[in-house]
Amino acid sequence: MRQERNAVILAHYYQEPEIQDIADMIGDSLQLSRRAAETDADVIVFCGVHFMAETAKILNPSRTVLLPDLEAGCSLADSCPTDAFAAFRRRHPDHIVISYINTTAAIKAQSDLICTSSNAVELVRQLPADQPILFAPDKNLGRWVERNTGRRLLLWDGACHIHEAFSESGLLALKAEHPAAEVIAHPECQESLLDLADFIGSTSKLLAYARASDSDAFIVVTEPGILHQMRQLLPGKTFFAVPGVDGCSCNACPYMRLNSLEKLWRCLASNSPRIEIEESLRKRALKPIERMLAMSR
Ligand code: 13P
């Protein structure tokens with residue numbers, strides 16, 4: 001069916017293993033956006049969450065973009081409502097607005113520049129030192145960018161629910177049990193957990209770090225979906241998942257998990273549900289994404 005429809009299946013690292021196993025490409029937010037922009041497939045099936053599929057449509061509007069479950073949202077995107085953000089921006093008119101890609105098209109359209117976790121530091125470093133910056137919506141990523149650039153950012157008070165749900169005591173217990181293991185963490189985690197990490201980076205950078213490191217064990221502080229690729233690509237190494245607060249499994253993203261293999265099959269069969277964006281909004285949201293792509297390696 002993928003061949004019949006001339007479709008490409010793009011999957012984020014946080015998707016279910018069986019979806020990752022049949023995807024044409026698995027990647028982080030930046031890599032998937034680039035691939036969506038460049039593809040000549042007629043149909044892009046985006047196995048990820050809504051803002052990712054929406055970004056694909058913004059970048060490549062002549063393609064049909066499908067999301068297996070339209071309810072696959074993002075707590076970070078939800079933490080930044082359009083009107084409240086517009087009011088916040090108006091209070092700081094001298095600030096350049098940098099928004100994380102985990103936002104709606106309406107927030108992107110109000111932004112000067114988009115970033116992902118893999119290029120946020122690199123982009124901020126390129127801005128003039130005296131340029132005030134408003135950064136939204138992830139305060140944890142924002143603080144990490146501040147620490148890596150020495151810049152002060154005006155932060156929107158948003159966060160990713162699942163990255164805030166990792167247990168610090170669970171991480172410390174794993175470290176005590178496996179003292180030789182390196183801790184690798186996503187910058188959406190809270191500062192107290194990032195302080196315990198040997199390496200911090202986007203999903204693809206965590207994977208690249210584990211591959212390049214001499215260590216053979218890693219404690220992974222991000223959505224556990226990525227463990228599937230880590231274990232497949234690096235079978236000689238061991239990966240431990242950090243538990244959620246009070247031992248919950250609340251660090252598995254419920255939105256990412258809404259996509260299933262069956263829903264993927266159904267969406268290819270029915271050519272729906274589709275992502276549609278009103279054209280003037282799309283054009284406004286496109287500008288800061290194109291600026292990001294031009295500024296990042
Ligand atoms: P990256 O894959 O770009 O690290 O982002 C992860 C994420 O925020 C998914 O919501």
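What you see is a predicted model; the values in this text were computed from it and never measured. Read the numbers this way: they start at 1 and go in the same order the structure lists the ligands and their atoms.
Listed by atom number, the atoms of ligand 1 under 4.0 Å from Glu188 heavy atoms are 7 (C), 8 (O). Shown in contact with Ser202 at under 4.0 Å from a heavy atom are these atoms of ligand 1, numbered in order with element: 4 (O). Which parts of ligand 1 touch Asp28 is read off a 4.0 Å heavy-atom cut-off, strictly below it: atoms 1 (P), 2 (O), 3 (O).
Atom 5 (O) of ligand 1 has its closest protein heavy atom at Ser29 OG, 3.4 Å.
Contacts with ligand 1 closer than 4.0 Å are made by side-chain heavy atoms of Tyr100 only, the backbone lying farther away. At a heavy-atom cutoff of 4.0 Å, ligand 1 is contacted by no atom of Thr116, backbone or side chain. Under 4.0 angstrom from ligand 1, the non-hydrogen atoms of Tyr14 all belong to its side chain.
At least one heavy atom of Met52 sits less than 4.0 Å from an atom of ligand 1. Under the 4.0 angstrom criterion for non-hydrogen atoms, Asn102 is in contact with ligand 1. Residue His12 places a heavy atom under 4.0 Å from ligand 1. For His186, the heavy-atom gap to ligand 1 drops under 4.0 angstrom. Within the structure, ligand 1 lacks Ser118 among the residues with a heavy atom less than 4.0 angstrom away.
Of the possible polar contacts, none joining the Arg151 side chain to the Arg125 backbone as a donor-acceptor pair under 3.5 Å is found. With hydrogens and angles ignored, the 3.5 Å screen pairs a side-chain donor or acceptor of His12 with a backbone N or O of Tyr14.
Counted by atom type alone, Ser204 and Asp28 present one or more donor-acceptor pairs between their side chains at under 3.5 Å.
Under the 4.5 Å side-chain criterion, counting only non-hydrogen atoms from C-beta, Asn140 is not in contact with Glu191. Residues Asp112 and Pro288 fail the side-chain proximity criterion, which asks for heavy atoms closer than 4.5 Å.
When hydrophobic clusters are built by joining Ile, Leu, Val, Met, Phe, Trp and Tyr residues whose side-chain heavy atoms come closer than 4.5 Å, directly or via intermediates, Ile44 is grouped together with Ile101.
Counting non-hydrogen atoms of neighbouring residues, nucleotides and ligands closer than 6.0 angstrom, the NE2 atom of His161 reaches no more than 12 such neighbours.
A distance below 6.0 Å separates the ring centres of Phe88 and Trp156.
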